[in-house]
Structure formats: structure tokens, C-alpha cells
Peer 1: 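Handing you a structure now.
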Amino acid sequence: MMRPIRSLPARIWTFYYDGFRSMTVGKTLWAIILIKLFIFFVVIKMLFFPNLLQRDFDSDEERADHVRQELISR
Amino acid sequence: MDDLMTVVDWSRWQFALTAIYHWLFVPLTLGLSLIVAVMETIYLRTKSEKWLAATKFWMTLFGINFAIGVATGLILEFEFGTNWSNYSWFVGDIFGAPLAIEGLLAFFMEATFVAVMFFGWGKVSPRFHLASTWLTCIGASISALWILVANAWMQYPVGMEFDPAQMRNVMDNFWALFSGIAVNKFFHATLSGWALAGIFVIGVSSWMLLRNRNRDFAIRSIKVGGWIGLIGLLLTMYTGDGSAVEVSKHQPMKLAAMEGLYNGSHRQGIVGIGMINPDKKWNDDQEDMKWAIEIPGGLSYLARRDFNAFVPGVADIIEGRDFTADGQPVNTVSYAERIARGKMAHEALRSYDKARAANNPAAMDSAKAELKKNYEYFGYGYFDSVDEAIPPIAMTFYSFHIMVALGGYFLLLYVVVLFGVYYKQWFEKARWLQWIALISVPVMWVCSEAGWVVAEVGRQPWTVQDLLPTRAAISEISSASVITTFWMFAAVFTILLIAEVSIMTRQIGKGSKRNLEIDNAH
């Protein structure tokens, strides 16, 4: 029986899927990576580390004005 | 002002903590990827199962280090946006462009080729797998290149013009970013990764010898790790020497701090070992050092390639004093004048701001021209006293000498270990040396981190050399929030580090019990 010819995205998906399934040490590592990324991006970035100039000003002109005032007044 | 300086100090500590933590992983990734690539190349040439087993063993340790270290550098970028927003804006696309390239490259190269490295055994051709391993190795170094180019620009800002309308430095010459500082920094940092990974491989292999496990595998690994590490260390020393020349040209104050040198001289000696006088002020008559053993003329040669050259110390640089090798005075700009010209640059920026508010283009052009004249000393305008422009001398001095002394120690260790593995299998019997090699593993990290302390503490108070001191670069945020996040990072990083060390040691223990003469990991 002939095997069906699969598309490239399907083959890439299978490659990663099989790879993840067959991991031993890697499963623990992926758990650590996912927990770490959650802590970094959801907890640390969103709650504690906003990009102040992006958050507080609407345009680059306003941001430049703010930084100019900051650097003049320090 | 007190609160501002508290925010500055805690933000600096936070940045240092994050950078030091990030650098625990980077050099091992850079070096171990090369060692794995070389082992896999040998496997493909010899078709020997023992090299396949060796490749997979070290590749697993590479994977653990890579997984725990990945994304730790992103926190530095978070800190730019929150703690150092003035800095982030001021550096503009000069910093953004290399980091964006790095981010894209890192993502695509690593996501693709690391996956093939780990998932591709038996699924892709052996040659394609080897190519992926090499591309992971090369990709890691290319990622490092862009970060180090950005860092080098902060140490020696070139290839840009400041635009007061945008309040940014606008890049006008991309290739100028690859300055002597950048080239030396890139090779010095990445090659130090080879040296570090070599010691890691020797240390882990020595542990196996001590436990009497997989002795042939251990010796085989030591040979590969030892040669790569030794070559890496020699080239690191060579590029470190090149860095010293560049630092003497563009950051003479850092060089003076590295040597604890307050009053320079012709035929200036380099300190081999010594103790800083902690009470010394730049303008008093006390001795620079409590005691020191110097190599005569060493610093003159290191900095200016002439044993008789004059090397300025902290006081000379502040007072604008320098000389040619034959004693002719050289005009340099004193720090008092730099401060005065920096304040003139600030005044010009104020005038520009007023002219802009009044919509007066002629006055804006005039202020812009005045600003341009004094812009090279813009950052000095924030200082009231020259003392504020001096880096922490003791920390810079000791970090530099720890790095150099340990570099010498590791050179000796590499030579002795490699001699021992080739000469009558002497290393296999020398348990004392195996213990030393094992204990040396964490010491190598101390050496590597000390190098970054020299580079970053030695250039204080600048975030961008001569243009933006830390006190101007900092955002208007509360010290309480910085202190809170500092301790939060300290806790998260400690937990992750414990996880890395425990997974790594468990894997080494488990792997060492297998027969590593054959590949039994299918």
C-alpha cells in the first residue's frame, strides 16, 4: 500500500510532534521553559515592567518632548 | 536627588544581577555547541559509535543549558523600557537595529536548527543533521555579535548624529558600529566561551575518571574539549590584549581604573599583584597602592605598544595631561573643561526647546549648531564635580586582576591536562589533578563574569560613554518598585539556577552510568 504524500507543513508538524513525544529529559526542560516564559512575560513584563514611553505617550513627538524635558531638568 | 540616586543604584544592581545571570549560560552555549559540532563531525568521518555516543552525551548537556538560559536576556530589554527609558529613547535605532537583527536571527536559527539537532536523529540525513549542529553553533555566535556590537557602541559611540528634534542619536554610518572596540569585544567574549566550555568538559570528564566510569569516553572528551578550550583561551588572551589598546585610546579612565593608576608615568609598570589604597583620592598625595609587584614598562607596552610610552592615570586624565613617548605634551581636554562644555551643550538644548516652542526655525538652527559643537561632552554637563566622573576604582582593579590571574591559571591547567592525556596516560592516574580540574569548573565562571565586571563597572558613570551618565539615563520611577523587582529577580534566578544545576548533575550522573562506547540512546 502506498503511503500518502504529505504536505511540507504536515511533515514539519509531525517532525516537531514526534520529537516532543519522544523526549525524556526534554519534557522537564520544556516544563521549565514554559513556566519561565509565563513568569517572564505574564508576571514580570505585564505587571512590573511596562515600556514607560510606549504606555504614557501617544506619539514619538510626545516621547521626544518628554525625554528632552527629562534631560534638560536632571 | 537622594531618591534619584537610590533608583540609579538599585537599577544598576538589578541590571548587573540580570546580566550576570544571563552570562552564566551564554558562554557555555557558545563553546559547548562548537565542541558538540566537532564531535559530530568526527563521528560522521569515522562512523564510530563511540563518537556518536559522545556527541549525544554533550549535546544533552548543551540542551539543558540552552533550555534554562533561553530568554533570560529578554529581561534586560524589559529593564531598558522601564528603568532606563531615557537611555532607550536616546540611543534610538543604533541600539534597536542590532537587537532586532539578533532577535530575528536567534529565533529563526535556533528554533529551526536546535530542533533538528535534538529531534532529527534518524529522521534527517546525517549530513543535514551535522549541518544543523554547525548552524546552531554559528547562529549562537552571530546572535552574540549583534549584542556585543550594541554594547561596544555604548563604550565608543560612533556612526551617528544627535537630532534634538527626535532627541535620539540617528545612525548615519552602520559600518562604523564595527569599531576596533566592537571587533575585539566580539572575539574576546565569544572565544572566552570556548575556553569556558573546554574547562566544563574537562571537569565533567575528570569526575567520571574519579568515579571510574567510561574512562575512554572521558579521555576522548578531554582531548576535544582541551584543544578547543586551549585555542579559545589563547585567542581570548590575544583579543584581550587588543581590547586593552582600544580601551587606552577611547576609554583611558577605564584603563586607569583597571590598574588603580592615579598618577601616570613614562615606562609605566603593570601590576602583577597588589592591593589598592582604599583611602586614596585622585587629588591627594597618598600612594595609589598599599603594596604591589609590578612588571616595569608593562602597562606602557600593553596600552601604547611602547615600553617608554606615557600612560595617564586618573589625575592626569582629569587634569588633561598626556605626553608622547619622547616627552612632548599632548593637548587633551580636562574634565573641568568637559563639564563646562557639557553645560553649554545643555544650555543649547534648552535654547532649542524654547525656540521650538516659539516656532522659530532660525533660533532652532542656531541652537542646534551650538549643541553640535559641544555634543561630544554632553554627558559631563550633568556633573557638578569631576569626582562624579570617576569609576569605582577598587572593583574595576580587582575584577581585572582576578580575570587576568585566573586566565593565566587556566592556561597552565589546559597545558598540564593536555600533556597528561597524551603523555603515558599520566592524567588518568593523577587523581589530584582530576580533582583540581573538577573544582576549576565554577572558578572558570568567576573568571568569565569578572571580565564583564571590568567592562561595565570600569566605564561608569556612563551608560553611553561621555554622552549619557546613569543619572540622566534613568526613568522617573520609585525606588520601592525597583527594590521589589530586584529581590523578585534574585528569587526567580536562584530557583532557575538550582533547577539547572540539579538537572545537569542528575543527567551527568545518569549518562555516565551508561556504556558511552556505543550509542545506546536510540
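Hydrogens, waters and symmetry mates are skipped; everything else that's a heavy atom, side chains included, is used. All chains are named by letter (A, B, ...) in the order of the sequence lines, taking the proteins before the strands, and each is independently numbered beginning at 1.
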Peer 1: Go through the atoms of B:E79 and report whether side chain, backbone, both or neither lie under 4.5 Å from a heavy atom of chain A.
Peer 2: both
Peer 1: Going from CD on B:E77 to CG on A:N51, what distance comes out if it is rounded to the nearest 0.5 angstrom?
Peer 2: 11.0 Å
Peer 1: Evaluate the side chain to side chain contact (heavy atoms under 4.5 Å, CB included) criterion for residues A:R68 and B:L349: first the C-alpha distance (whole Å), next the side-chain angles of each, then the deciding distance (0.1 Å), finally the verdict.
Peer 2: CA-CA 8 Å; A:R68 192 180 303 108; B:L349 185 59; 4.2 Å; yes
Peer 1: Could you give the distance from CG (B:N86) to NE2 (A:H66), rounded to the nearest 0.5 Å?
Peer 2: 6.0 Å
Peer 1: At a heavy-atom separation under 4.5 Å, does B:Q166 approach chain A through its side chain, its backbone, both, or neither?
Peer 2: backbone
Peer 1: Measure B:A115 against the heavy atoms of chain A and call it side chain, backbone, both or neither at under 4.5 Å.
Peer 2: both
Peer 1: Given that the side chain runs from C-beta out, which part of B:V492 has a heavy atom under 4.5 Å from chain A: side chain, backbone, both or neither?
Peer 2: side chain
Peer 1: Compare every heavy atom of B:F78 with every heavy atom of A:F40, then report the nearest pair and how far apart it is.
Peer 2: O-CE1, 3.4 Å
Peer 1: For B:T60, is it the side chain, the backbone, both or neither that has a heavy atom under 4.5 Å from a heavy atom of chain A?
Peer 2: side chain
Peer 1: Among A:T28, A:V67, A:I72, which residue forms the greatest number of heavy-atom pairs with chain B at distances under 4.5 Å?
Peer 2: A:I72
Peer 1: Taking all non-hydrogen atoms of both residues into account, name the closest pair between A:L71 and B:Y382 and its distance.
Peer 2: O-OH, 2.8 Å
Peer 1: So what's closer than 4.5 Å to chain A heavy atoms on B:F90: side chain, backbone, both or neither?
Peer 2: side chain
Peer 1: Could you go through B:F66 and A:I33, starting from their C-alpha distance and side-chain angles, then the distance that decides it, and tell me whether this counts as side chain to side chain contact (heavy atoms under 4.5 Å, CB included)?
Peer 2: CA-CA 10 Å; B:F66 183 85; A:I33 290 173; over 6 Å; no
Peer 1: Is there a side-chain contact between A:F48 and B:T82 (heavy atoms, below 4.5 Å)?
Peer 2: no
Peer 1: Show the nearest heavy-atom pair for residues B:A165 and A:A64, with the distance to one decimal.
Peer 2: O-CB, 3.6 Å
Peer 1: How far apart are the closest heavy atoms of A:K36 and B:I68, and which atoms are they?
Peer 2: NZ-O, 2.6 Å
Peer 1: Could you grab the distance from atom CD1 of A:I35 to atom CG of B:L496, nearest 0.5 Å is fine?
Peer 2: 9.5 Å
Peer 1: Could you state the interatomic distance from CD1 (A:I39) to CD1 (B:I495), rounded to the nearest 0.5 Å?
Peer 2: 7.5 Å
Peer 1: Are the side chain of B:R471 and the backbone of A:R74 linked by a donor-acceptor contact shorter than 3.5 Å?
Peer 2: no
Peer 1: With rounding to the nearest 0.5 Å, note down the distance linking CZ in B:R168 to CZ in A:R63.
Peer 2: 9.0 Å
Peer 1: Can you name the closest pair of heavy atoms from A:L29 and B:A67 and give their distance?
Peer 2: CB-CB, 3.9 Å
Peer 1: Can you tell which part of B:E500 gets under 4.5 Å to a heavy atom of chain A, answering side chain, backbone, both or neither?
Peer 2: neither
Peer 1: From A:L52 CG over to B:E476 CD, what is the distance, rounded to the nearest 0.5 angstrom?
Peer 2: 10.0 Å
Peer 1: Check whether A:I32 gets within reach of chain B through its side chain, its backbone, both or neither, counting any heavy atom under 4.5 Å.
Peer 2: side chain
Peer 1: Please state whether the side chain, the backbone, both or neither of A:E61 comes within less than 4.5 Å of a heavy atom of chain B.
Peer 2: side chain
Peer 1: What part of B:I64 gets closer than 4.5 Å to chain A, counting heavy atoms only: side chain, backbone, both or neither?
Peer 2: both
Peer 1: For A:L37, which atoms come within 4.5 Å of any heavy atom of chain B: side chain, backbone, both, or neither?
Peer 2: side chain
Peer 1: Would B:D353 and A:Q69 count as a side chain to side chain contact (heavy atoms under 4.5 Å, CB included) if you check the C-alpha gap in whole Å, the side-chain angles of each, and the deciding distance to 0.1 Å?
Peer 2: CA-CA 9 Å; B:D353 190 47; A:Q69 295 314 316; 2.9 Å; yes
Peer 1: Please state whether the side chain, the backbone, both or neither of B:Y352 comes within less than 4.5 Å of a heavy atom of chain A.
Peer 2: side chain
Peer 1: Tell me, yes or no, whether the heavy-atom count around B:K510 atom NZ, taken from other residues, nucleotides or ligands under 6.0 Å, exceeds 12.
Peer 2: no
Peer 1: Can you say whether B:S475 sits under 4.5 Å from chain A via the side chain, the backbone, both, or neither, judging by heavy atoms?
Peer 2: both
Peer 1: Should B:F489 and A:I44 be marked as a side chain to side chain contact (heavy atoms under 4.5 Å, CB included) after you check the CA-CA gap, both sets of side-chain angles, and the distance that decides it?
Peer 2: CA-CA 9 Å; B:F489 283 168; A:I44 291 176; 3.3 Å; yes
Peer 1: Looking at B:F118, B:F119, B:F378, B:F80, which makes the most heavy-atom pairs under 4.5 Å with chain A?
Peer 2: B:F119
Peer 1: Answer with side chain, backbone, both or neither: which region of B:L468 has an atom nearer than 4.5 Å to a non-hydrogen atom of chain A?
Peer 2: side chain
Peer 1: Let's test your reading of the structure: which of B:I477, B:V116, B:T484 forms the most heavy-atom pairs below 4.5 Å with chain A?
Peer 2: B:V116
